[in-house]
Structure formats: C-alpha cells, structure tokens
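In what follows, a single structure is set out as structure tokens and then discussed.
When reading the values below, keep in mind they use all heavy atoms of this one structure, side chains included, and skip hydrogens, waters and symmetry mates. To find a chain, count down the sequence lines: A is the first, B the second, and so on, and within it residues start at 1.
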Amino acid sequence: MNEPTPFDPVLFRGMTQRRLSRRDALRISGLSAAALALAACGVKGQGNTTPTAPAEDAIAKYWAGKTKNGKVDFANWPLYMDPKQPELKKFTAETGIKVTYQEVIEEMGPWFARTQPQLSAGQSIGFDLMVITNGIQFKQYVQSSLLAPLDHSKLTNFKANAGASYKTSAYDPGNAYSVPWASGVTGIAYDPAKVKTPITKLADLWKTEYKGRVGMFSDTQELGNFGLMVNGVDPAKSTATDWQNAANKLKEQKDAGIVRKYYDQSYIDALGAGEVWITQAWSGDVFQKNVSDGTNFQFVIPEEGATIWTDNMAIPITAVNPVDAITLMDFFFRVDIAATLAEYINYITPVPEAQKVIKEHAAAASGEDKDFLTSVAESPLVFPSTADYSKLRYYVEFENTALQQQFQSIFEPIVLG
Amino acid sequence: MSRRLAPYLLILPGGLWLLLFFVVPMVAMLSLSLQQGDVVSGYQLTWHWQTYVDGISNYQTQIIRSLWYGFITTVLQIVLAFPIAYWIAFRGGRNKSVYLFLILLPFFVSFVLRTISWKFILTDESFVLAPLKDVGLVSQDFHILGTPMAVIGGLTYNFLPFMILPIYVALERIDPRVVEAARDLYASPVQTFRKVIFPLALPGVFAGVLMTFVPASSDYINSEILGSSGTTMIGQVIQSQYLRSQNYPTAAALSFALMAILLVGIFTYARALGTEDVLKVAAR
Amino acid sequence: MTTTLSTPTGADLEPTTRRRRRRLGDRLLFAYTWLIILWLCVPIAVMILFGFNDTKGRYNTTFQGLTLKWYGRLFEIPALTDALANSLIIAVLNTLIAGTLGTLVGLALGRYRFRGDGTTNLVMFAVISAPELVMGASLLSLFVASGVGLGIPTILIAHVMFSISFVAVVVRSRVLTLDRYIEEAARDLGAGPWTAFRLVTFPMIFPAVLSGGLLAFVLSIDDFVITNFTAGTTQTFPLWIYGATRVGLPPQVNVMGTLIFAVGLLIAAGNVIAARRRPSSAR
Amino acid sequence: MTATIRTQAGQPTGPNRSDTPAIELVGVAKEYHSHGDVVAAVKGVDLAIGEGEFFSMLGPSGCGKTTTMRMIAGFEDPTRGSVFLHGEEVTGVAPNKRDVNMVFQSYALFPHMSVFENVAFGLKRKNVASPEIRQRVAEMLAIVDLTGREKRQPRELSGGQQQRVALARALVNRPRALLLDEPLGALDLKLRQHMQVELKRIQREVGVTFVYVTHDQNEALTMSDRIAVMNDGSIEHLGTPREIYEHPATKFVAGFIGTSNLLGGAVSALDNGRAVITFGPGERIVVPLPRNGVRPGQNLELTVRPEKIDITTAEPAAGDRSIVRGVVTEVVYLGTSTNYNVRTSAGSEVVVFDQNASNADFVAVRGDHVYLSWNPQHSYAIGDR
C-alpha cells in the first residue's frame, strides 16, 4: 500500500496551476517553519469528556441493512483538497464508488443553520460526508442526534494509522461520530510588504498604527479566543467573566477603528487584495495562497498563544450512502493518501506515518519539487513538533447550551456592530 | 352563477399560494419571535415580548443606520435619476427605447455578480486606486471599500434603474401641451419645471421611492460585500441571526420590527397616493 | 432642466439666446445621461473583461493577458455547473407556475369586480413592497416550524410566491386596457367561454403574459436573498458565486455571467427591434 | 315594487307584423349590489319588438338602455322577469347560444385577426363548411362595401370601415335580431349621417330586426320604426318617432326629444275641454286638458316646441291663440333659422326658432319687447310623473 509511484505527487501538482509560483512557496514554507517551532507531540485530549457516546445497539441499528451504493456526496471546505482531486480519483478507481465533491462549507454557523432544518426533518441534505470543525456547532450536531454513529469495524485504516491523540479527543470521545480530516492553527497572517516590523504578538492586532488594516474572524469562537488569549486567558479554562473582559478588549479594538471587517473564509482574499495587512488566519490557507498566487504572506503563532482546531469527517444522520461514506472516511487514513493530501493542503495530518511517505516522495523527486516536498515533510504546520506546543490552546468547551448561548450573545454584537 | 364564481376560481390557485407562503409565514414568524428555546431542545411559545425589546435595543444602531442609508440612497437616486428620466422622456425622441434598454442593461447580470464586480473595482489596490496612490493623488492609506460611501454607492448603483423608470413613466405621460400651456401663461423654464413638470412627475418619484427605499434599507448584500464592521446594516444582523447563530426568535423579532417600520411607512404613503396609481407605475 | 432665465434684454433678442442656452442645457443633459449609462455598465465591462483574463493562479484578480480558454473550460467546475443548472431548472419551473397562476390572478383583478378584490390587490402590493429579507426569513420560520427540509422545492415555492404578484400586476394592467367587449363579441358570435378565452382573450393578453413570464424568469434566476434562506444545502448560481467570493471567483463565473448577459441582450434587443418595427404598420 | 308603465306590448306598429314578437321582455329588472346598496339599473320593463322592426332605445347615459340590450344579448341575467326570443324563453341562456348578434359601440373587433377572420369568426363557431364561409363572408363584405379588404388588420381601417366590419361580422350569421349599441358613437358627424343611411339600407336589404341603442335623439328619430324613451331604468314613452316628438308623454320625454319650452301657471278657467291660464293683460295660454284632468286653481305645466311659436313685435290678433309677452335676451343667427331667447313676463325662458324666409330680417334685437303666440293645438299639458 505504501508504494505510490515516485512521480505521483509531481504528476498531480503538474496538473494544477501551481508550478510558476513554486519558488515563492518554498520561501514561505521556510519562513513559516522558522516562525512556528512546534514540539513533536500529538494533539492532546482535553480530559473533560462528555458522555455522549451512543449505545452499542444504536450503532448496530443504524448500520443494519445499509449497503454500498456506488456513490458518495462529499461536502468540504474550500482549499481543502487539490482541485484535481487525485485522492478521490484513486478512491473511485479502487472501489468503484463515484465521489461528488463540493466545496460548500465556508463557516460552521451558516453550515449548521443550512443543514439543521433538513436533518431535523429527516431529509437528506444531499451529502453523505461532511467536514465539520470541533466547536459549538459540532456539539449541536451531536446533541441533536444529527450525526450517524460510526461503526468502527469499518474503520480499519483509522485504527491502524491515526495518531494516538486523534483517538482521544474531548469533543468526540472514542470517535463516536467523527474521525479527523486535518488540524490547523488559528494564528496571525500578515503582509511583510506593508507591515515593516515583524508581527509576533496578539497585542500587535491592537496597535493603532494598523488602524483599518486589521482583519478579525466573524466566527464568535475564533474571535472570542483571541480576545481571551490577549488577556492571558486560556480559552479552554475561561469563565463567563473572562468572556466579558475579552469582549470589552475586542470592542476597544473595534471602536478604535482598527478592525477593517470581521471576515469568514474571505479574509484570505482581503489579504491578497491589500484590504487588510494583518489578519486572523488559518495556517494552511496562507501557505496555499502563497503557492497559488505567488504572494509572500507570513503566518505567525503569536507569543500569547494560538488555537488549534480539528476538522472532522462526519456522516449526517440522513445520509443516503453511509456505507460508501464510511469507506471513503477510512480511505483517507491510508498513509499514502494522507501523504498526498498533506502535500497539497499543508495542514496537520492525523496520520503521522505520512511524513515518511512524503520524505520518500521528496527523495524520488528532483529540483524544485524535491525542495518543496522536503519542506512539506519538515513543516511544523504539517507535522508539528513538541517544542512550542505549550502555545497552542483548545477551544472553549461549553457544559450546556445556556453557557454557549451566553458566549455567543457576548461576542455577537461585536461582529454585527 | 359561474360568472360570479369566475374571479374566485381564477384567484384561487395563486391566492392560495400567497396565503400559504406569504401570509402564513408572516404569522409563523410572528409566533417564532415570541418563542423561547434553542435549536437543540426546540422552541416554546411563551409570548416573550422581551425579545423585541432586547433585539431592538441591542441593534438600534443598525436599524437607524439602515434607515439612514436607505434615506440617503433614495435622495441621491432622485437627484441622479430625474435629469436622465427627463432627458429620455422629453428629448429621447425615436431612441427612447434604446436609452431605456441601456438603463436596464445591468439587470442582465446577476445582482451579486455586479456588486462583487464593484468590490473588485474599488478594492484598495485595484487598477483604479493603485495608480492614484502611486502618483500620490491619494494617500497610501486611502480606501473606498469598507466605508459608508462604498455601501451607499453600491445601493445607489443597484437600485438606480428602479428610480429612473417610474419617473420616466410619469414624465412620459405628461402632455407636452401642458408644458406649452405653462410657458404660454408666462412661466419661465425654471418655473415651468417647478410648478408643472415636477408636480406631475411626483407619482413617479413616489413609486421610485417605494421601489428603492425598501430594498435599500433592508439590503445586506451591499454592506456585506462592500462594507466593513462600521457599516453593518440591520439586514446583515437578521441574516446572521438566522443563518449563522440560529437565534431564531431574535431574528424573527427583528424581521418583524423592520417590516412593521417599512410597511407602516409604505401604506401611509400608498394611502395618500392611492394604491392603484403606485401599482400602475410600478407595473410599467 | 433648461435653466434659462428671462433676461431684461430686448424681446427680439431673447429667442436666439434662449435657443442657444437650451441647446447647451440639452447637450449637458445628453452628456449626463451617457455618463450615468457608462457608470451603470462599468462593473459589467470589468466582469466581461476578466472572463478573458489569462490568469495563472487560482485567483482572478490581476489582468494577465487575453485568452479564450475559460470559454472552453466553462463546465470544468462541476459544482458551478450544477448550481447554474439548478438555477435554470428553478427559473423555468417558476416561469411556468408563477406565469400561469399570476396570469389567472391578473385576469381576475383586471376583469372582474368582486368581494375581496381590494384585499387581493393589497396582498399583491404587500408582496411587491415587502423586504425580500423578511419574506425569506418568514418562509424559513415556516419551514423550521413545520419541519420541512430545504431544497429545490422550497426555493421554488419561494420564487413562485414573489413572482406571482409581478406577473399578476403586469397582466392586470394589460387586461385593464383591453376592451372587454371584444371577448363579449366572441361570446356573442357563438364562442363558448373557453373558446372565447383561447381564441380572443389569450392572444390579446399574450404579450403581457410573455413579459410577466420573462420577469418571473429574471427575478428567479437572479434572486439571492430569499433563495439564501430557503436553499438549505442546495446551490444556485448566485449562491455559488456569493460563496465562491470568499476564496476568489474562478474565471468561469465571469464567462457564465457574460454568456447570460449576452443571451439577455439578444432577447431584449430583439424585443426593441420588434417594438420599433411594429408602430410603422400600426399608425 | 317598481312602477311599470303600460306599453302597447304585443302590438307592434312596425312593418312585417307577425303574431310572435321577435323579442319580448316581460317584467325584466336588473339590480346591482354595490357597497351593500342595491342599485336598480332596470326597473321592470315590458317590451315587444316585432319581426323586422327597426326599434330604438333612446335615453341619457345610465338610463338602463344598454343594460336592457345586454340582457337581450345574454351578457346580463335579469334579476327578475323573462326574456323571450321568438316566443322562446332564453332567460339564463349563454350569449353564444342565442340567435341574436350584437354590434358593440367600440366595435370590439378582434385586433389580432384580419377582416376576413373577424367576419368568419361566428360561422366557424357554427362549423359552417369553409367554402360556404368564404362565400357568405364575401357576400356580406359586398353588402357593407368592403370587398377587397379581407386581408387587412382592423387597425389598418378607418373608423367607418371598422364599423362596417363589425356590422358584417354580426350580420353574416343571419341572426334573428341584430342589437346595436351606439354603433355610430365614435364616428364624426358627416360619417355618422352617412352611416345612418347605410344602416337603414342594410336593414332593408337583410330584413333583420334591429334593436338600436342610442342617446342621440336625431339618430333615433330618423332611423326607427318605433322608439322606447328610457329614463332611470324605466320606459317613459314608447311610440313612433312622430308620436314621441309631437305628443311627449312626460316632461322628461318632452325635454329629452328636441328642444321644449316649459311654461306653466295656475288654471283660471276650463273652456270646452281646454284649460286657460291667464297672466297679465292680453296674456293667456290655452291648452288641451291633460288626460287626468285638472281643476281651476291647480298648477298646470305645458310644453311648446320652439318652431311652433311665432314671434312678433306687434301684438297679434287674439283669436284662438295663446299669447305671452316677453323681452328678447339673446339672438342667434343659424343660417336657415334664427333662434331667439325670450324671458316671459312670468319669468320663464322660452326659445323660439324663426325660419329665415326670403324676406329674412331680424324680427327683434336684444332688449326688444315681443309677443309670442302659438296655436293651442301645438302645446301639451304635461302630467307630473
């Protein structure tokens, strides 16, 4: 299984439009590496597991009578797979299951709001597999029983290849409803052409010299996290008082006219258009943007800390083709597949073994491709090291919906102001 | 017998559709606005009027801002639209339909696409602004996108034809002999315009106001695409409450409040003018 | 808006000055008109231009030379193609359903006086003037409350809802200008109610039905706000575009926009030419 | 109940008299509901129109004449009463199933059909074979003098031509009766007069019963065999043109048909079946007694047609004539005649038409004191209705 043809990655990338800007990409990944020195350590579980695992018979009941249909509809975020979809082509070639892949998820809130009415009505949302971030909406999906309980007997690759820490997450104990797709870091991205002094701290986002040039996320959780961390609070351990203080801090930033806009996924476009100079950002996007457009944006883990999140594959309860979906889920835990995926998206892969494969690819490649693949294999953004792990924080875990609503109502007026 | 039933039979399918999907949803929304609960555990009707109080007081800035933007947009549009409508109606000659066609040209491109195109044109380092900055005509910090100007500009752009057309229709209906009669009765051109042409065009202006003020002040696309955190309009709030936070009661309450404000205005308006006339102009 | 003021100069001098000033005023107005038209066309020109952009990266933001390749690769993005197909399906169905229902309502309102016609008119008026946002939101409220899942059927329901009124108003205003005796003449000459409608009334209101239907089509294919509320995970052309802006629009969107624009242009231009040719024989 | 006027129902005086009237209305009434009120458009009309008759319904707008005609055609159903066509009750029968055709005031030509298609419309509905259709349409177009215009669209025709197409379109079906609703209303005076003659000619040629609705008294007087003068939903007078003009049954009819002078006063004496009203010295009016009689001291109103009055500056010989004095207030020269407006000593305004004979000269000028006199046979007492 672990023996892809040595030309594979080159071939795949050759079909994309990235070649011309490869050199810039190399430079960026190098710089990112310097900025982000991560300790080689897995993603730790958070301890406070909520007992939401389904009963054994619920799993059996769900999967009883379900059969392979030969197709699967897959909803994912933009920039989360090579547009040529090499992994999916391989999957179809090997299993005969056709995959319809759509980049329809742009923000968790709206995605939940769009799917919830249909799922609650017991109707298909048109997708059998979706990638959702751990956080408020993930919890709502689970609490409302809108996700299919996973039959782990069908997840052999996951069992064999997933990193240990990915099997003990706090938001989905025992991977009852989800398996990880990729993890990423929410940090700061900036344009060194406009910002002359390197950005190192969250506090830089509050500097009046960047007035009107700072982008923040419209997602209340992402926004709130930064407010908390700049105040020196670990989001995972925060209280309602901390939230209020964080909101005040964020309001300060907004009222001073520092924030240009609260963005969803479009922040990356705004950064590219020069609308913002410094912005909250997701690690892999910056890398991809640089590769694709030849830009030279920097990604930083701020001194005060950054958050780590995981996007997870889950099967909506009303999926029409759940067997095909779970087959595809498991497929992504094949080491070779995880490797090519990581080579493209540059987010943290839940399959540690992939690093070895990428190194092999690098060894087999030559010239620019070789450099590029080597940098991926060594990138702390893809294969984090232990060193700076202390800087990474987890999301706030809400004990109940009331708290979650309170959190939202505290930060929402900032975004909507 | 059947002759008396005929209109009801004709209205039945369409009327039923509107009843089910216009009137009933309004009632559903009213009900939702008075419920409490959340998506996971469901909602109960508790006649919780406080939602209105909270919603309006939390977002009064956005409500007022939206009405204000709507107002400026409408005034701007009247000023921009009148001369062009006047020109086409009185001087368009044989080419009237060509001019009207050109005015309607933007409508062949999706509303969203047009607005995105503006964002692209006005972006901070666009081909429009970048040269100006390079030459030093404007400061490096200068930007249009994200300012109220951009949002109001977008609103004005997107709804301008809805102002031009009704005014044009009203002007076109003016009998040229009436204008001549005014001149004959010693009115100067300015007086003729003020005392004869403008008053006769007023129904058109009213219809135009109707067709632009409501969509402009409840719009959220323009502010979302062209605006910034300082230009948030009530439409964005409602949209976000519905489609991002799923805070349905607040969203419903705000929608209802917005519609109440706008519809009360319109109906007073229409009453003063006669619905017939407004609809007739609107229909053209 | 000729801004001539009576000058105290000799009366015999006045006409020439006035004419000259009027000509100047006209010229200014003429220039102004074209300025506005130009302004209205700017974003469209940019959209069309960037459909020919030989962009290298994923982001179609800087002009890098002319190419026609995007026209050849128009249907390369399956999700975009699907979204456009959805939009077209919904628009066609909407045209048929709202066209029919709206025509019937328009006929009733234009032809008959009956108990409840005032209310019907009022509802039509309310639908046309109610904020789209509120209509979308209220429909979502209804669907949420009644547990109806969202998708093409709910989008269609919404589109038909707001299109009916527009079609009805267009048809009604045509019916009002009709000589109702013409249909009576047909009845008098031995035509049953249905025959009279088919042979006489319908052909006469057909132009209005057509333009009402066209309006319904355009409103539907361009609708974003209400669709956004009622679509669920279904994508339509405007929704897809709106979503795609977050990561940059692919040039194919520009191409599709350009093609839709061109088709619309052709239809409308044909209309204008036809309308121009008609009066020559009419009067 | 509504008042019904007795008419000579069933005794048509027109030509082609036959036992069964072509059209008969019995107690026909039509009421509309408007804002909760009941509005009576037609208040119980009894009417019989003979075969081949040219029958007019005359009256001001809103008098119910058009509604009555539409009930004959079947476009309105009577609230009460019955409609008979050739002795057969058709109340409630759809218009397309009635053997009458109508010419509309606006012509109501089908704008999207050619002249031929317009005229052939009714025949096609009756499934007449197409050769016959072609032949009958051609014949009918010849009658209305439109041969060669078959392919034209209605909008390409003049008003008079459109009118004739409408006529042809109705007549080609050989209806038992033709209903015409102010068919000449939209034409200018010259054309209207021409078409009046044409209509009369065509009616003679095809021999069909014509029911003609108009508000134009001249049109009704010149064309009709009989006229029903309607007012406020009822027939006020039904008779030949001459009867109606010479002996208007009511004040309304007198006022509506031609110009009538209304005079009146207290009856001072009765004399040999006539009433005498005296005013100042030398002034008196003699008038035949009204049918319902009058007693001395009662007020009596009477009318005199303007052309029956002589106007003189010298006092006429008393004799048997009615004489009234007055002052000329206006003189209008009209070519064939001169009109004088005279204010009588009793205060009424009287109009006098004076034929301009060869020795034409104004009898009087403004301000002159004049005498008005007429033969009592030419004045009629009016019953108050």
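Taking the six-membered ring for Trp, Trp282(A) and Phe217(A) have ring centres closer than 6.0 Å.
For chain C, the nearby part of Phe127(A) is the side chain; its heavy atoms alone come within less than 4.5 Å. Within the 4.5 angstrom heavy-atom criterion, only side-chain atoms of Gln123(A), from C-beta onward, approach chain C.
Between chain C and the residues Arg114(A), Glu107(A), Gln102(A), the most heavy-atom pairs under 4.5 angstrom are made by Arg114(A). Interface check for chain C: of the options Asp264(A), Leu119(A), Thr318(A), the most heavy-atom pairs under 4.5 Å are formed by Asp264(A). Comparing Asn228(C), Thr154(C), Thr234(C) by how many heavy-atom pairs each has under 4.5 Å with chain A, the most go to Asn228(C).
A donor atom on one side chain and an acceptor atom on the other are found under 3.5 Å apart for Tyr80(A) and Asp311(A). Of the N and O atoms on the side chains of Thr236(C) and Asn86(C), not one donor lies less than 3.5 Å from an acceptor on the other residue.
At distances below 3.5 Å, not a single donor-acceptor pair connects side-chain atoms of Asn76(A) with backbone N or O atoms of Met81(A).
Put simply, the side chain of Ile97(A) does not reach to within 4.5 Å of the side chain of Leu328(A), judged on heavy atoms.
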